[in-house]
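First up is the structure itself, then whatever we jot down about it.
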Amino acid sequence: MPEPVIRVVDVTRDYPRPRTSLLKPAPTVHALRGVSLEVQAGERFGIVGESGCGKSTLLRIIAALDRATSGQVVVEGTDITRLPERRLKFLRENLQLVFQDPMSSLDPRMRVRDIIAEPLVVQGHPASGERVRELLDAVGLSPDAGDRYPHQFSGGQRQRISIARALAPRPRILIADEPVSALDVSVRAQVLNLISDLVDELNLTLVFVSHDLSIIKHVCDRVAVMNAGEIVETGPTGQVYATPTHPYTRRLVSAIPTLPRALAGATTSDLLRGAPE
Amino acid sequence: MSDVLSVQGLSVTVRDKTLVQDVDLTVGPGERVGLIGESGSGKSLTALSVIGLLPEDVHAAGSVRLAGVSHELIGADERRMSRVRGLQLAMVFQEPMTALNPTMRVGDQVAEAMLIHRTVPGRRSARLAATELLDRVGLAGAMKTYPHQLSGGQRQRIVVALALANDPALLICDEPTTALDVTVQAMILDLIMQGVAARESALLFITHDLAVVATICQRVLVMYGGRVVEAGPVGEVFTRPRHRYTQGLLAASDLESADARLPTIPGNVPAAGQFPSGCVFRTRCAHATELCAEVPPWEGTPAHGFACHHPAPAMEPTHA
C-alpha cells in the first residue's frame with residue numbers, strides 16, 4: 001500500500017475556555033478526541049458532521065493553521081505536527097484551501113487578479129498575468145474579471161475566484177470547507193461540477209468537508225462521519241449512505257429530506273426516526 | 001370554505017425597481033403551501049408584505065386579505081397591523097439570533113405575546129401557558145433563560161413556540177431551518193408540522209430547499225425573478241414540471257440519481273431588479289426564443305398552472 005498523502009494519527013485538540021470561577025481550574029473543550037484517518041493520493045475524501053463536531057478544527061490542523069494538542073499529522077511523508085512555520089513552505093504550496101463564505105474570504109479591497117496572484121507572490125514565484133488569465137479561464141470566468149473587485153461578483157462567481165486562488169500555486173491537495181453551503185441550488189451544481197472537473201484534470205487529492213451527506217456522496221469516494229470530536233464511521237460513501245452502521249450516522253442519513261422519499265409520502269416524523277425506512 | 005390568506009396582484013417596488021410583480025397566492029384553511037425560489041426571487045419580500053414588515057423605502061401594492069380581519073392588510077397603518085400580527089398571523093424568521101429580544105428571559109417573551117393580545121386573563125395564566133408551550137417544544141426548563149444561553153436550534157424552537165402562542169390562523173415560516181444542522185432541522189420541521197396540525201392553522205412555508213417543501217407542503221409555488229412561474233400540487237410540480245426553470249431547478253438539486261456531472265442551469269441569478277423584461281428566466285433558458293421577450297400568459301387554473309412560452313411537454317418525466 002502506498003504511503004498516504006495525508007495521515008492523521010490519534011490527534012486531539014483541547015481548547016481552554018475562560019475561567020468561570022476563581023476556585024476551579026478553567027474548563028477545557030475537547031474539540032478533537034483521538035481522530036485518525038488516511039487519505040490516499042488522488043482520492044476524494046469527504047468529512048461530514050454537524051456544527052461543533054470538530055470538522056473545521058481537524059481541517060485547520062491538517063493545513064497547519066492550528067496545532068494538535070497530541071497526536072501526529074503527516075502530509076506527503078513529512079511530519080508537520082511540530083514543524084515551525086518557516087519550514088512549512090512545502091505545505092503552503094502543495095495544500096490549498098477553499099473556504100465556506102465567499103464574502104469574507106476574499107479581500108474586498110484587492111482586485112481579483114491580485115487576489116488570485118497573491119499565493120504566488122507570497123511564495124516568491126513570479127506572478128504573471130498569463131497565469132492569472134489561465135486560472136480565470138480554468139474556473140470559467142472571463143479574462144476581464146481580473147480587473148474587477150470581489151463585490152462586483154455573485155456568490156457563485158466569488159467561489160470560482162476562491163478556487164482559482166487555491167489553484168494558483170499548483171497544489172496537489174485541495175481542501176474545501178463547505179464550499180457550496182452559501183450558494184443557491186442552481187449555482188451549487190455548477191460549482192460542484194467545477195470542483196469535480198478540476199480535481200480530475202489536475203490529478204488533485206480532494207478533502208471535502210460538508211454538513212450535507214448527500215453532497216459528499218455526490219463528490220467523494222470515501223467519507224468519515226464525525227460526531228463530538230470523534231470519527232464514528234468511515235467507508236465508501238455509497239455504502240455509508242445506503243447502509244450506515246453507527247447509530248449517529250443512521251440518524252444523520254434519515255434526517256436528510258430527499259425528494260424521492262418525500263414524494264413517496266415521508267413525513268417529518270420519518271426524518272426524526274433513527275433508521276431510514 | 002373561503003381562503004385564510006388571499007393575495008391578489010401583489011407588487012413590491014423600491015424606488016424605480018420592481019422586485020415582486022403580479023403575485024397571486026391563496027392559502028386555504030389548514031392548508032400547507034410552499035413558496036420556493038433562490039435568493040432574489042422575491043419570496044421573502046412576498047412574506048414581509050403579507051405581515052406588513054417591509055423596510056421603509058420598499059412599497060407593496062395589490063391586495064392581501066386575511067380571514068377574520070375586516071380590512072385590507074396592504075397599506076393598513078401600524079396600529080391595525082400590530083393587532084393582527086402575532087394573533088391571527090405569525091411568522092418564524094430565518095435567524096433565531098435576531099428574532100428574540102436578548103435582554104428578556106425567553107419565558108417572558110412567550111408570555112408577552114399572549115398578554116399583548118389579551119388572549120390570557122392575566123400574568124399568572126400567561127406564565128402557565130408559556131410554560132406549557134415551551135414544554136411542547138421540549139424546552140420545559142428554559143423559562144428563565146436568556147436567548148444567548150441557548151443554541152441556534154433551541155432558540156428556533158422558542159421562536160416557533162412564540163409564533164404559535166396565540167393559535168394563529170396563518171403561520172408564515174421564512175427559511176426557518178436554513179442555518180441549522182439536518183438533525184436539528186428535522187426536529188424543528190416536525191414541531192412546526194405538529195403545531196399547525198394541532199391548531200388547524202394554515203402554513204405558508206418559504207424555502208429554497210425543494211425536498212423540505214416536498215416533505216411539508218401539499219401545494220407549492222415556484223418563484224423566480226419576482227414572479228410566480230409555476231404553481232400546483234407538490235406531487236405534480238415536482239414530478240411533471242412544466243416551466244423550464246422548475247425543470248432545471250429539480251435536475252440541479254437531484255444529487256440522488258445524477259451521475260458524475262450534475263445538470264446545471266447556466267449563468268447566475270441576476271441581482272434584484274436586473275431581471276430581463278418579458279419572461280424573467282429567458283436569459284438563462286435553453287429554450288428561449290424572441291417570443292420570450294413578451295411576458296408569458298398564465299396557463300391553467302390559478303391553483304395549478306405555469307407561465308412559459310415553451311413549456312416542457314405535459315407527460316415528460318422529471319429527468320429528460
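Remember, it's a predicted structure, so these values are computed and weren't measured experimentally. Quick note on labels: first sequence line is chain A, next is B, and so on, each numbered from 1.
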With chain A, the option among Thr183(B), Leu189(B), Thr264(B) that has the most non-hydrogen atom pairs under 4.5 Å is Thr183(B)

Which atoms of Met187(B) come close to chain A, meaning under 4.5 Å heavy atom to heavy atom: side chain ones, backbone ones, both, or neither?
both

Heavy-atom proximity to chain A below 4.5 Å, by part of Pro270(B)
neither

Side chains of Asp190(B) and Ser269(A): any donor to acceptor distance under 3.5 Å?
no

In terms of side-chain heavy atoms, does Thr215(B) have a donor or acceptor partner in Arg261(A) at a distance below 3.5 Å?
no

Does any backbone or side-chain atom of [X] lie under 4.5 Å from a heavy atom of chain B? Answer side chain, backbone, both or neither.
| X | answer |
| --- | --- |
| Asp200(A) | neither |
| Ile215(A) | both |
| Leu192(A) | side chain |
| Thr267(A) | backbone |

About how many Å separate [atom2] of [Y] and [atom1] of [X], when rounded to the nearest 0.5 Å?
| X | Y | atom1 | atom2 | value |
| --- | --- | --- | --- | --- |
| Gln185(B) | Leu271(A) | CD | CG | 7.5 Å |
| Asp209(B) | Leu259(A) | CG | CG | 8.5 Å |
| Leu262(B) | Arg188(A) | CG | CZ | 7.5 Å |
| Ser39(B) | Leu183(A) | OG | CG | 9.0 Å |

Show, in sequence, the C-alpha distance, side-chain angles and deciding distance for Ile216(B) and Thr268(A), and conclude whether the side-chain contact (heavy atoms from CB on, under 4.5 Å) test is met.
CA-CA 7 Å; Ile216(B) 294 233; Thr268(A) 49; 4.1 Å; yes

May I ask you to name which of Ser154(A), Ser51(A), Gly156(A) has the most heavy-atom pairs under 4.5 Å with chain B?
Ser51(A)

Which of Val187(A), Leu213(A), Asp197(A), Val219(A) touches chain B most, by non-hydrogen pairs under 4.5 Å
Asp197(A)

Do Val269(B) and Ser186(A) come within less than 4.5 Å of each other through their side chains, counting heavy atoms only?
yes

Does atom CZ of Arg136(B) have more than 12 heavy-atom neighbours, drawn from other residues, nucleotides or ligands, at distances under 6.0 Å?
no

Take Val185(A) and Leu210(B), measure what side-chain contact (heavy atoms from CB on, under 4.5 Å) needs, and give me the verdict at the end.
CA-CA 9 Å; Val185(A) 178; Leu210(B) 306 180; 5.7 Å; no

Measure across Pro263(B) and Ala189(A) and return the closest heavy-atom pair with its distance rounded to 0.1 Å.
O-CB, 3.8 Å

Non-hydrogen atoms of Val182(B) and His211(A) that approach each other most closely
CG2-O, 4.5 Å

